[in-house]
Amino acid sequence: MRYYDTLIFEITKQGRVGHNLPKNQFPSVKLDASLLREQKAELPEVSELEVVRHYTNVSLKNFGIESGFYPLGSCTMKYNPKLNDELAGLPGFANVHPLQPNEVSQGFLEIYFDLARYLSELTGMDAYSLNTYAGAHGELAGLMIIKKYHELRNDSKRKLIIVPDSAHGTNPASATVCGFDVIEIKSHPDGTVNIDALKEVLNANVAGLMLTNPNTAGVFEKDIVEISKLVHEAGGLVYYDGANLNALLGVSRPGDMGFDITHLNLHKTFSTPHGGGGPGSGPVGVKAFLKEFLPGPVVEKTTSGFKFHQPETSIGALSAFYGNASVYLRAYVYIRTLGIENLKMIGKLATLNANYIKESLKDYYKLPIEGHAMHEFVFDGLIDQSTGVKTLDIAKRLLDYGMHAPTIYFPLIFSQSMMIEPTEAESKETLDKFIDALKSIAKEAIDDPENLKSAPHNTVVRRLDEAKAARNPIVAYKDIHKFI
Amino acid sequence: MHKYLPHTEGDIKQMLDAIGVGSLDELFEKIPKKLQYQGKYDVPNQLSDLEVTKLLNEIAANNKTLTIFRGYGAYDVYTPSIIKALTSRQEFITSYTPYQPEVSQGTLQYIFEYQSMICEITGMDVTNASMYDGPTATAEAILMAISHTGKKKIVYSSLIHPRTIEVVKTYGHYRDLDFVPLPEKDGLTDFSKLAELSKDSAAVLVQSPNVYGNIEHLNGISDTIHAEGSLFIMNTEITSLALFNTPGNLGADIACGDLQSLGVPLSFGGAYIGFLAAKTPLLRKMPGRICGITTDQDGKRAFVLTLQAREQHIRRAKANSNICSNQSLMALSVAIYLSSMGKEGFIDLARLSLDGAYYLEAELVKTGLFTKSNNQTHYKEFVLESKIDPKDFDTYLIEKGYLGPQYLGDGKYLFAVTEKRTKDEIDQFVKVVGEFK
């Protein structure tokens with residue numbers, strides 16, 4: 001990577017253009033001055049080559065999956081096939097207006113219909129809506145379904161959502177945005193649900209439970225059937241956070257574990273690009289009894305073709321149109337390219353890779369949870385902590401080795417969490433290099449701890465003064481003169 | 001195996017040995033047997049790349065490609081080639097949220113540039129690293145307002161796009177919000193009872209250009225709204241701000257809307273991108289990611305996600321929003337697009353849509369099939385009235401290769417013209433419309 005310290009605004013020169021718009025052949029309309037803006041927006045004035053060169057140089061300051069290993073736990077950074085991108089960009093998809101009548105958008109409706117069907121099969125649910133934009137958006141939809149379900153049964157006192165303390169932060173946030181109160185229950189040391197703690201909070205005010213399985217520590221909830229049963233008996237619904245579905249793909253289905261509602265992260269399990277933080281995609285799936293609550297429209301198949309259908313008791317609209325269609329195309333292509341025979345191997349190989357790393361490093365890094373992990377696992381820092389080297393230092397040093405760091409300080413249940421997730425897409429050779437790097441770092445921690453504490457050394461910038469950015473927030477170029 | 005799965009049989013065996021188990025299945029001992037799915041998945045077997053490509057081309061052929069005169073929230077726009085070329089660079093498309101800033105300076109820098117451009121165009125002080133789309137951005141604006149004011153009443157113009165208001169009301173329903181509409185008058189929002197209606201409200205929400213494409217008269221309304229202790233939220237079509245007064249200048253506290261018009265392909269409604277911008281006092285109420293500028297330990301200028309304490313991963317159950325990822329790659333696309341258009345091109349672009357729309361309007365009126373429904377200043381979209389049958393008209397135009405106007409009910413037809421529609425296309429379209437019986 002190389003340091004390129006230029007903003008697009010700093011190469012602007014009056015009179016340069018970077019576009020080639022058509023000539024305006026229409027009569028010029030005169031506008032009422034009181035409606036007009038006073039000053040032009042100060043956008044850059046640059047030639048096309050300058051734009052291309054600038055953003056190419058900007059890109060070189062980034063690490064992507066094709067740059068190297070990216071074991072970011074719970075984010076499932078798998079390879080993003082080129083074929084998916086190419087086919088999603090076909091003009092027959094890119095140029096379709098969302099309000100074209102169903103009769104002339106049958107291609108898209110077919111993709112929606114089939115993708116929803118495949119997702120249902122792979123997760124054991126009965127129906128999906130593809131109208132949500134991201135995992136957190138899918139969670140919100142799921143919670144709205146829970147709320148509306150109870151509302152329509154005139155059970156309005158159910159205002160509590162139970163969330164384990166090991167949950168993703170979006171879980172409690174989504175529950176709050178949906179107007180629920182959150183009860184957090186303490187997990188066992190391995191992050192699994194403490195059934196006694198659960199029983200204590202289950203009562204007639206509980207609307208539902210949110211859970212990911214395997215949990216954020218990479219452990220399968222072996223008592224999941226019992227947990228679902230208890231929540232159901234108390235009158236609540238059980239929500240599956242699909243963030244960790246990759247572990248189970250082809251092995252086990254949340255729909256068979258008692259979950260009533262799921263969201264999936266297509267950008268994790270189905271190889272669609274993360275794009276630096278979006279667009280993601282978070283379809284929401286339900287069991288048959290909740291089908292009519294889904295955010296609409298959903299696609300149905302009729303004798304005269306596919307058409308949109310508005311679920312009868314839908315929670316309402318959650319997007320301008322129908323979610324991120326271009327992301328669905330990528331997920332659809334991925335599923336068709338792998339086919340069921342290979343999809344069935346995903347969970348197995350992802351789990352194999354995770355356990356291989358875990359076993360190879362457990363003499364160097366503290367393993368807080370014994371036994372086989374699923375697709376990801378957590379180390380709680382170095383075994384030898386006498387040198388004062390923290391997880392943050394290890395993560396930063398890995399960057400020097402040309403690898404991305406694991407997720408750090410999450411889950412919150414361990415103080416030095418390093419959550420590692422290799423995915424099925426990585427070869428044994430890549431894993432071996434990563435293992436060697438982490439072994440070297442463990443050795444460096446003893447031989448030269450100061451070198452670790454000041455890492456990274458080989459990146460375009462080094463440790464950042466984050467407090468300064470928060471103390472004196474400069475979030476737009478017009479305020480750059482305030483930058484000291 | 002498969003090209004996406006690198007494991008040879010030898011690899012699998014060696015790795016199982018290292019772990020100390022005899023088979024892959026042994027890794028799943030913790031999953032009760034009855035939860036290990038033994039059934040048959042109704043999902044097809046693999047296809048070769050050539051077969052997938054053929055299949056997708058066949059499916060795409062079932063979408064009819066039309067010449068588009070419909071907008072209503074999605075616009076047929078020009079996408080410079082460099083956008084796809086640059087946004088598909090792997091360093092951008094295959095990276096994650098910039099949690100390790102030392103190796104994510106690329107993402108962080110373009111977010112900073114994106115934020116800067118959105119602030120310039122809207123006249124606002126701060127914005128975040130993007131939202132899903134216009135309607136959800138508007139819903140987040142409402143959540144900001146209720147958090148800021150502690151009130152639960154939202155006053156909204158009845159000339160907001162119905163889908164936007166639907167999404168806002170969905171979010172609002174689950175938070176027990178009250179919604180009070182402002183009526184319309186002559187194609188614009190009627191603000192005559194604004195002071196009275198906005199009493200005890202958290203926010204007044206207005207869209208300009210409104211659902212008819214008309215530019216609302218917003219000078220002075222912020223004073224009335226602020227006098228009631230309420231926030232002024234303006235939803236707007238981003239390219240209209242090349243010409244028309246900005247939310248910032250009109251005294252809006254929050255501006256929001258969709259950015260699809262900035263070169264993002266139609267793609268059946270997504271992926272699009274929304275924006276949410278605010279005045280400085282609301283900075284800490286902003287949901288989502290915000291990028292700020294700082295220095296590294298050697299004093300070099302660098303970028304970092306900042307003010308994270310507002311967010312779900314710190315505040316959890318106290319968060320104002322559950323937004324986690326945004327539309328980062330789309331934000332990059334917008335930054336590249338706006339850099340290409342530049343200061344003057346952005347205005348030329350808006351003029352093409354505005355002048356083209358006025359031209360089409362005049363020509364359609366000449367056919368005798370349509371009459372003007374009001375005389376307000378409009379941008380890119382406009383409403384004409386007619387007694388023709390909407391379904392027959394739609395079908396007729398599709399057969400001729402056009403996606404015609406959106407029918408709004410009550411004899412109102414909403415047409416759109418973007419920078420992509422040439423004068424020849426418009427003349428040809430008017431001719432075809434004129435031949436409708």
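In what follows, every heavy atom counts, from backbone to side chain, and hydrogens, waters and symmetry copies are set aside. First the proteins, then the strands, lettered A, B, ... as listed; each starts at 1.
- With chain B as partner, the option from A/D32, A/N355, A/V182, A/D256 having the largest number of non-hydrogen pairs under 4.5 angstrom is A/N355.
- In this structure, chain B has heavy atoms under 4.5 Å from both the backbone and the side chain of A/E121.
- Contacts of B/P265 classified as side chain to side chain contact (heavy atoms under 4.5 Å, CB included), with partners at least two apart in sequence or in another chain: A/A94, B/T79.
- Interface residue B/Y96: backbone and side-chain heavy atoms are both found under 4.5 Å from chain A.
- Residue A/E426 touches chain B through its backbone alone, counting heavy-atom pairs closer than 4.5 Å.
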Legend entry - Trace of the side chain to side chain contact (heavy atoms under 4.5 Å, CB included) decision for A/S252 with B/Y37: CA-CA 5 Å; A/S252 183; B/Y37 189 63; 5.6 Å; no
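- Scanning for side chain to side chain contact (heavy atoms under 4.5 Å, CB included) contacts around B/T53 gives A/L83, A/L87, B/N57, with sequence neighbours left out.
- Taking the ring axis of A/F26 as reference, the NZ or CZ atom of B/K423 does not stay both within 45° of it and closer than 6.0 Å to the ring centre.
- Heavy atoms closer than 4.5 Å to chain B are found in the side chain of A/R117, but not in its backbone.
- Interface remark: A/S360 contributes no atoms to any contact with chain B (heavy atom separation under 4.5 Å).
- Two rings, from A/Y322 and B/F268, have their centers less than 6.0 Å apart.
- A salt bridge between A/K478 and B/E120 is absent, with no side-chain N of the basic residue lying under 4.0 Å from a carboxylate O of the acidic one.
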Inset, instruction - Could you walk me through whether B/Q14 and A/K428 pass side-chain hydrogen bond (donor to acceptor under 3.5 Å, both in side chains), step by step? - result: CA-CA 9 Å; B/Q14 277 182 28; A/K428 179 172 176 294; 3.0 Å; yes
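- Between B/Y132 and A/H137, the ring planes lie tilted relative to each other; the angle falls in the 30° to 60° range.
- For A/R462 and B/D296, the salt-bridge test fails: no basic side-chain N is under 4.0 Å from an acidic carboxylate O.
- Looking only at heavy-atom pairs under 4.5 Å with chain A, the residue among B/P135, B/S340, B/G292 that has the most is B/S340.
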